[in-house]
Each structure stands twice: as structure tokens, then as C-alpha cells.
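One structure is given here, and the rest of the page talks about it.
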Amino acid sequence: MGFALATILGSLAIVPAANAAVMADVADAGIGTNVGMNFNSIPASTNANAQSPIVIGDWTFTNSTQPVQVNVDGSSNGAQPFGTSGNYLSVLGSGSEDVSFSARSSFSFFWGSIDDFNTLVVHTLGGANYTFTGTTIAAQFAAEGVKANGCQNLTDCNRYFTFTADPGEQITGFSMSSSSNSFEITNISAVPEPTTWAMMILGFLGLGFLGYRKSAKSSTNAFRIA
């Protein structure tokens with residue numbers, strides 16, 4: 001049984017593809033304003049640096065370079081992503097934030113007031129990094145009306161994005177930075193994928209089985225001594 005369990009776990013192992021890539025996709029205007037998880041579980045810092053780390057779901061946010069803040073509504077340091085509500089993360093000028101999570105094929109978030117000086121770097125299990133900037137995103141999705149001029153009250157600069165790895169590759173996190181105020185995100189997809197849950201459940205079953213075997217062996221030995 002132990003061999004069978006190891007075989008199952010081995011079959012779920014993630015093998016990076018040799019020529020994998022990460023692609024971006026954007027939802028229609030007005031979509032994604034009320035999905036995922038916002039930053040309401042984290043106190044709004046507004047004029048002070050956000051705590052580090054921040055954990056929401058299975059996402060861990062770590063301040064790489066301050067200033068990074070958790071804001072609510074509009075301020076001089078960030079703007080509420082248009083159409084959303086609640087606290088949001090704002091990476092200010094010269095700031096950066098690293099985000100890690102369990103390996104998955106895709107992740108999503110609502111990107112507020114997209115600016116050409118916003119930079120997103122997606123990290124993969126295979127070690128490759130893929131860079132997206134406000135400028136490249138706006139160029140890629142110009143036909144969908146996406147712009148990167150920092151507009152705060154239009155859907156042009158406030159959209160829900162999904163980043164997906166090619167088959168065989170997995171995404172393990174991303175880094176976000178901005179050379180000027182600000183890079184705002186909210187409504188993150190901080191929930192493990194089904195394959196991740198399956199691996200976790202099998203792992204727990206394996207630990208439980210090993211504990212059972214150890215307990216049974218101890219009981220047998222005790223009986224023999226008696």
C-alpha cells in the first residue's frame with residue numbers, strides 16, 4: 001500500500017515543459033469587480049507601510065521594497081480599482097512586492113488604474129520568468145479597449161486579468177513593482193487548484209497511513225513482550 005501511495009504521488013509530480021510560456025488574458029469591461037478575495041482581512045494602512053508578510057488564502061505577500069500599502073477608497077497614494085469595493089493593495093513608486101502561492105496553472109486579479117510604469121514578473125516552477133508591463137498589456141489588448149494611462153474612473157484602465165502557463169508548466173508566484181504611484185490590485189484568486197488539493201489530501205492520507213503502521217507495529221511489539 002505504501003508503494004501504491006508513492007506511485008500515485010509520483011504520478012502527480014509536476015514536470016516543467018522545456019518551452020513553456022505564460023500568457024495573459026483579460027475579461028470584458030466590468031467583469032471581475034466582485035470575485036475572488038480582496039484585502040479586507042488586512043487593516044488599511046493608508047499613510048503607513050503595509051505589514052509583511054500578508055497572507056490571504058494560499059497567497060503570501062512579502063514586501064521586497066517599501067513603500068507598499070493596503071488602502072481603501074482613494075488617496076494620494078492609490079485609487080480604488082474602478083467598480084470594486086473594500087481594501088486593496090497599492091505598490092507605490094519605487095516599491096515592490098513578492099507574491100508566492102502553491103504551484104498552479106493560472107492566477108487572476110483585478111488590476112486597478114493600469115499605468116505604463118507598472119511591472120509584473122511571473123515566476124514559474126521551471127525557473128523561467130515572464131514580464132508584463134502596463135505598456136505591453138495595453139498594446140496586447142488594445143482591441144479590448146485596455147489602456148495604460150492611469151485612468152481611475154474608466155473600465156479602460158481597470159480590468160480583471162488571468163495569467164496562464166502553457167501545459168506542463170506551473171506558476172509559483174509573481175513580483176509587482178512600479179516606478180511611480182501606483183500599482184493597485186484586488187479580487188485575487190487566492191484558492192488552490194483542484195490538483196493542489198488532491199496532492200495535499202494524498203499527502204495527509206500518506207502521513208495518516210504511516211502513523212497507523214507505526215502504531216500497529218508498536219502494539220504488536222508490546223503484545224509480544226507481554
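Checked by atom type and distance alone, the side chain of N181 pairs as donor or acceptor with a backbone atom of G93 at under 3.5 Å. Using modelled atom types, no side-chain atom of Q69 and backbone atom of N71 make a donor-acceptor pair closer than 3.5 Å. Looking only at distances, no side-chain donor or acceptor of R159 sits under 3.5 Å from a matching main-chain atom of G32. A donor-acceptor pair under 3.5 Å links the side-chain atoms of N158 to the main chain of C151, judged by distance alone. The closest donor-acceptor contact from the side chain of Q170 to the backbone of L125 lies at 3.5 Å or more, if one exists at all. Although no hydrogens or angles enter the test, the distance criterion places a donor-acceptor pair under 3.5 Å between the side chain of S182 and the main chain of N77. Formation of a donor-acceptor pair under 3.5 Å by the N87 side chain with backbone atoms of I42 is found in this model. Here the side chain of T164 pairs no donor or acceptor atom with the backbone of S106 at under 3.5 angstrom. Here the side chain of T60 pairs no donor or acceptor atom with the backbone of V55 at under 3.5 angstrom.
Between G86 and N38 the shortest heavy-atom distance is CA-ND2, 3.9 Å. Taking every heavy atom of both residues into account, F141 and D25 meet most closely at CZ-CA, 3.7 Å. Of all heavy-atom pairs spanning G150 and C157, the tightest one is N-SG, 4.0 Å. For the residue pair I188 and F109, the shortest heavy atom distance occurs at CG2-CB, 4.0 Å. Taking every heavy atom of both residues into account, F183 and T119 meet most closely at CE1-O, 3.4 Å. Across all their heavy atoms, G126 and E169 have their closest contact at N-OE1, 3.2 Å.
In this structure, N49 places its CG atom where more than 12 heavy-atom neighbours from other residues, nucleotides or ligands lie under 6.0 Å away.
S189 is listed as a side-chain neighbour of W59, based on a closest heavy-atom distance under 4.5 Å. With contacts defined as side-chain heavy-atom distances shorter than 4.5 Å, the pair W111/N187 does not qualify. I56 places a side-chain heavy atom less than 4.5 Å from the side chain of S41. T186 places none of its side-chain heavy atoms less than 4.5 Å from the side chain of L89. For the pair F132 and F163, the minimum side-chain heavy-atom distance is below 4.5 Å.
D58 and R104 are joined by a salt bridge, as a carboxylate oxygen and a charged side-chain nitrogen come within less than 4.0 angstrom of each other.
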Quick one, T124 with V22, criterion side chain to side chain contact (heavy atoms under 4.5 Å, CB included). Give me CA distance, side-chain angles, the key distance, then yes/no.
CA-CA 9 Å; T124 65; V22 172; 3.9 Å; yes
Stepwise, does the side chain to side chain contact (heavy atoms under 4.5 Å, CB included) test hold for F82 with T84?
CA-CA 6 Å; F82 184 61; T84 71; over 6 Å; no
Apply side-chain hydrogen bond (donor to acceptor under 3.5 Å, both in side chains) to residues D98 and T62 and explain how you reach the verdict.
CA-CA 5 Å; D98 294 326; T62 305; over 6 Å; no
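Residues forming a side chain to side chain donor-acceptor pair (under 3.5 Å) with S178 (at least two apart in sequence, or on another chain): N118. Scored by the ring-ring contact (aromatic ring centres under 6.0 Å, His included) test, F117 finds no partners at all (sequence neighbours excluded).
Across Q80, E184, Q152, a single residue satisfies side-chain hydrogen bond (donor to acceptor under 3.5 Å, both in side chains) together with S113, and that is E184. Checked against F107 for a ring-ring contact (aromatic ring centres under 6.0 Å, His included), the options F174, F161, Y160 give a single hit: F174.
Defined by atom type and a distance below 3.5 Å, a donor-acceptor pair is present between the side-chain atoms of T65 and S96.
Ring-centre distance between Y88 and F110: not below the 6.0 Å cut-off.
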